[in-house]
Amino acid sequence: MPSNGSLEERKVPLLEDHLASSTVLSKRDHEQGDEEDGGLVKKFWIESKKLWHIVGPAIFSRLASYSMLVITQSFAGHLGDLELAAISISNNVIVGFDFGLLLGMASALETLCGQAFGAKKYYMLGVYMQRSWIVLFLCCVLLLPLYLFASPVLKLLGQSKDVSELSGLVAIWMIPLHFSFAFQFPLQRFLQSQLKTMVIAWVSLVALLVHILVSWLFVYKMQLGVVGTAATLNFSWWVLVFGLFGYVACGGCPLTWAGFSIEAFSDLWEFVKLSAASGVMLCLENWYYRILILMTGNLKNAEIAVDALSICMTINGWEMMIPLAFFAGTGVRVANELGAGNGKGAKFATTVAVLTSVVIGLFFWLLIMLYHNQLALIFSSSEAVLQAVNKLSLLLAFTILLNSVQPILSGVAVGSGWQSYVAYINLGCYYLIGVPLGFVMGWVFNQGVMGIWAGMIFGGTAVQTLILTIITIRCDWDKEAEKASMHVRKWSEVK
């Protein structure tokens with residue numbers, strides 16, 4: 001569209017003024033910073049400020065979003081062990097299954113929007129987001145049977161009859177939540193790539209408050225039980241969708257959102273392929289923990305084992321919002337720098353992100369080691385569940401420590417466009433090493449849930465983290481910057 005191109009050219013100076021006021025440094029800014037100081041400490045401080053400009057609000061928004069799931073699980077846990085198991089299976093397996101795929105597919109926008117923004121191809125960000133909406137919505141339709149037939153699928157996977165039937169009922173009530181992912185994930189990444197993370201944080205706060213209010217109303221006032229507990233998620237996640245879209249459509253992104261465009265329907269197959277590579281890369285990681293819970297469901301005294309492991313996974317997931325915020329921040333920083341042709345800036349951004357996240361991971365590792373006896377109190381009052389969680393706390397601590405590195409390296413992969421390459425690494429590490437080792441430790445050596453978890457974490461996650469570390473260290477960043485420039489030109493020419 002020529003008119004859109006001319007509009008973009010007329011408004012570029014306005015956006016550059018905005019970027020200067022929002023701490024975004026271009027390649028020239030890096031060079032000036034080096035000339036003025038040259039000190040490593042000051043460079044680290046400058047990059048940290050840029051990183052935290054993205055990561056700070058991203059941590060809050062992710063914690064708020066994930067807290068909605070935690071609050072739902074907490075309400076269910078105080079209804080009974082069966083209700084907790086049903087909500088846990090629904091959240092961690094049914095919702096978690098498509099959550100991982102859709103989140104991964106939406107991460108294609110982190111590559112495309114991030115690099116386009118760094119290269120100042122502003123108009124294309126809105127087109128990319130609309131293409132992502134279309135692709136993810138169609139994917140949601142294809143995944144709908146997973147919710148409709150959750151009960152027989154869970155029985156087929158070896159879960160008990162009572163847990164499977166109640167989980168199936170809960171899953172049906174979560175279908176609106178399922179479709180909200182198709183719109184919320186692309187919106188979040190669209191805004192994130194432009195460093196508009198404070199908007200996401202404020203909307204997430206409103207959604208969290210709505211969730212708390214609706215949960216109290218449905219569970220305590222209306223006494224709707226586990227179904228009411230599940231239904232609360234629909235309200236809060238759609239508040240996120242309408243809140244973010246309202247900001248975008250009402251003038252919050254004048255240069256990157258020009259309204260709905262017919263271009264969104266062009267070359268969808270190319271976009272599907274890139275989204276699929278991103279989806280496979282991340283969902284292989286996400287599904288890994290769902291398999292852990294499913295394998296645990298086949299152990300003796302499975303209800304207690306599933307409850308204990310689900311609580312640990314919930315705590316891990318809660319803390320994981322911090323590394324995932326660094327995943328997002330690293331992806332944006334690396335993509336922006338590569339899009340601007342600054343390979344050294346991308347490398348330094350990676351170093352700062354990894355070191356900062358590791359320090360935070362060590363803090364939470366120590367916290368869990370000190371307070372392992374009290375971890376499960378907010379989720380359950382069952383003595384058996386509390387004791388089981390206490391036994392698993394050591395593995396939880398080391399899982400959190402490993403996860404302080406791995407997501408940041410995945411963020412580098414997303415920012416650089418390595419998704420398809422990393423997908424093969426994830427497949428080999430997680431499913432050819434981790435799952436078989438977890439099975440051997442759990443059943444052959446009779447170590448139960450601890451054996452399954454230990455085998456999968458140290459056999460899969462640790463090996464994958466080591467491989468990604470080696471790849472990142474050996475990366476030729478100048479060559480990656482050249483590839484990014486070619487990538488931006490290719491996609492911006494797609495009409």
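In this text the structure is predicted, and so the values were computed from the model without any measurement. Sequential numbering from 1 along the given sequence is applied to the chain's residues.
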If you look at every heavy atom in A207 and M68, which pair is closest and at what distance?
CB-CE, 3.3 Å
Sequence neighbours excluded, the answer for side-chain hydrogen bond (donor to acceptor under 3.5 Å, both in side chains) partners of S67 is W318
With N373, which residues qualify under side-chain hydrogen bond (donor to acceptor under 3.5 Å, both in side chains), at least two apart?
N390
Where is the tightest heavy-atom contact between T229 and T72, given as atom of each residue plus distance?
CG2-O, 3.1 Å
Are I94 and V170 packed together at the side-chain level, in the sense that at least one heavy-atom pair is separated by less than 4.5 angstrom?
no
Determine whether L233 and M174 make a side-chain contact, defined as any pair of heavy atoms from C-beta on separated by less than 4.5 Å.
yes
Rounded to the nearest 0.5 Å, what's the gap from CD1 on I322 to CG on N403? Could you check?
12.0 Å
Partners passing side-chain contact (heavy atoms from CB on, under 4.5 Å) against F60 (at least two apart in sequence or in another chain)
A201, L205
Would you say the side-chain atoms of S357 pair up with the backbone N or O of A353, donor to acceptor, closer than 3.5 Å?
no
Can you check side-chain contact (heavy atoms from CB on, under 4.5 Å) on F190 and L125, steps first, answer last?
CA-CA 7 Å; F190 170 78; L125 273 73; 3.7 Å; yes
Heavy-atom check, side chain of C139 versus side chain of L102, under 4.5 Å:
yes
Given I452 and F439, is the side-chain contact (heavy atoms from CB on, under 4.5 Å) satisfied, shown in steps?
CA-CA 6 Å; I452 297 172; F439 179 83; over 6 Å; no
Atom pair CG (L324) and OG1 (T330), whose distance is rounded to the nearest 0.5 Å:
11.0 Å
Report yes if the side chains of V440 and V444 come closer than 4.5 Å at any heavy-atom pair, otherwise no.
yes
In Å, rounded to the nearest 0.5 Å, how long is the span from CZ of F117 to CD of Q194?
5.5 Å
Out of curiosity, S167 OG to I172 CD1, how far, rounded to the nearest 0.5 Å?
11.5 Å
To check you understand the geometry: which heavy-atom pair defines the closest contact between P57 and M198, and what is its length?
CG-SD, 3.4 Å
Listed once per pair and sorted, the ring-ring contact (aromatic ring centres under 6.0 Å, His included) pairs that draw on residues 135-170, sequence neighbours left out:
F137-F179, Y147-H178
Rounded to the nearest 0.5 Å, how far does CD1 of I360 lie from CG of L355?
11.5 Å
Centroid-centroid distance, F185 to F99, less than 6.0 Å:
yes
Less than 4.5 Å apart, side chain to side chain, heavy atoms only: is that true for M369 and F364?
no
Distance-only, no hydrogens or angles: does the S180 side chain make a donor-acceptor pair with backbone N or O of W237 under 3.5 Å?
no
How close do I71 and S215 get, counting heavy atoms only, and between which atoms?
CG2-OG, 4.2 Å
Near W173 CH2, under 6.0 Å, is it more than 12 heavy atoms from other residues, nucleotides or ligands?
no
With sequence neighbours excluded, tell me which residues meet side-chain hydrogen bond (donor to acceptor under 3.5 Å, both in side chains) with Y247.
none
Considering non-hydrogen atoms only, spot the tightest contact between I368 and A397 and give its length.
CG2-CB, 4.0 Å
Using salt bridge (Lys or Arg N to Asp or Glu O under 4.0 Å) as the criterion, list what pairs up with K155, not counting sequence neighbours.
E165
Geometric class of the W133/F183 ring pair [parallel <30°, tilted 30-60°, perpendicular >60°]:
tilted
Which residues pass the side-chain contact (heavy atoms from CB on, under 4.5 Å) test with P176, not counting sequence neighbours?
N234, W238
Between the CZ atom in R189 and the CG atom in L103, the distance rounded to the nearest 0.5 Å is 5.0 Å
Taking side chain as C-beta onward, heavy atoms only, is I212 less than 4.5 Å from W216?
no
Could you go through the side-chain contact (heavy atoms from CB on, under 4.5 Å) check for S132 and M105 one step at a time?
CA-CA 8 Å; S132 188; M105 293 181 71; over 6 Å; no
Excluding sequence neighbours, so at least two apart, what forms side-chain contact (heavy atoms from CB on, under 4.5 Å) with L362?
V358, L401
Are M222 and L217 side-chain neighbours, meaning at least one heavy-atom pair lies under 4.5 Å?
yes
Minimum side-chain heavy-atom gap S416-L338 below 4.5 Å
yes
With distance as the sole test, does S204 use its side chain to make a donor-acceptor pair with the main-chain N or O of L240 at under 3.5 Å?
no
How would you list, by chain and number, every residue that makes a side-chain hydrogen bond (donor to acceptor under 3.5 Å, both in side chains) with Q192, sequence neighbours excluded?
R62
Apply side-chain contact (heavy atoms from CB on, under 4.5 Å) to I457 and L395, showing your working.
CA-CA 9 Å; I457 290 300; L395 285 173; 5.9 Å; no
Under the salt bridge (Lys or Arg N to Asp or Glu O under 4.0 Å) rule, collect the residues that match up with E319, sequence neighbours excluded.
none
Heavy-atom pair with the smallest gap, counting every atom of N336 and G114:
ND2-O, 2.8 Å
Which residue is it: I470, T469, I471? I am looking for the one with a side-chain contact (heavy atoms from CB on, under 4.5 Å) to I467.
I471
Where at least one partner belongs to residues 446-459, residue pairs that pass side-chain hydrogen bond (donor to acceptor under 3.5 Å, both in side chains), sequence neighbours excluded
T399-W453
side-chain contact (heavy atoms from CB on, under 4.5 Å) against V352, all qualifying residues, sequence neighbours excluded
F44, E47, S48, L51, F348, T356
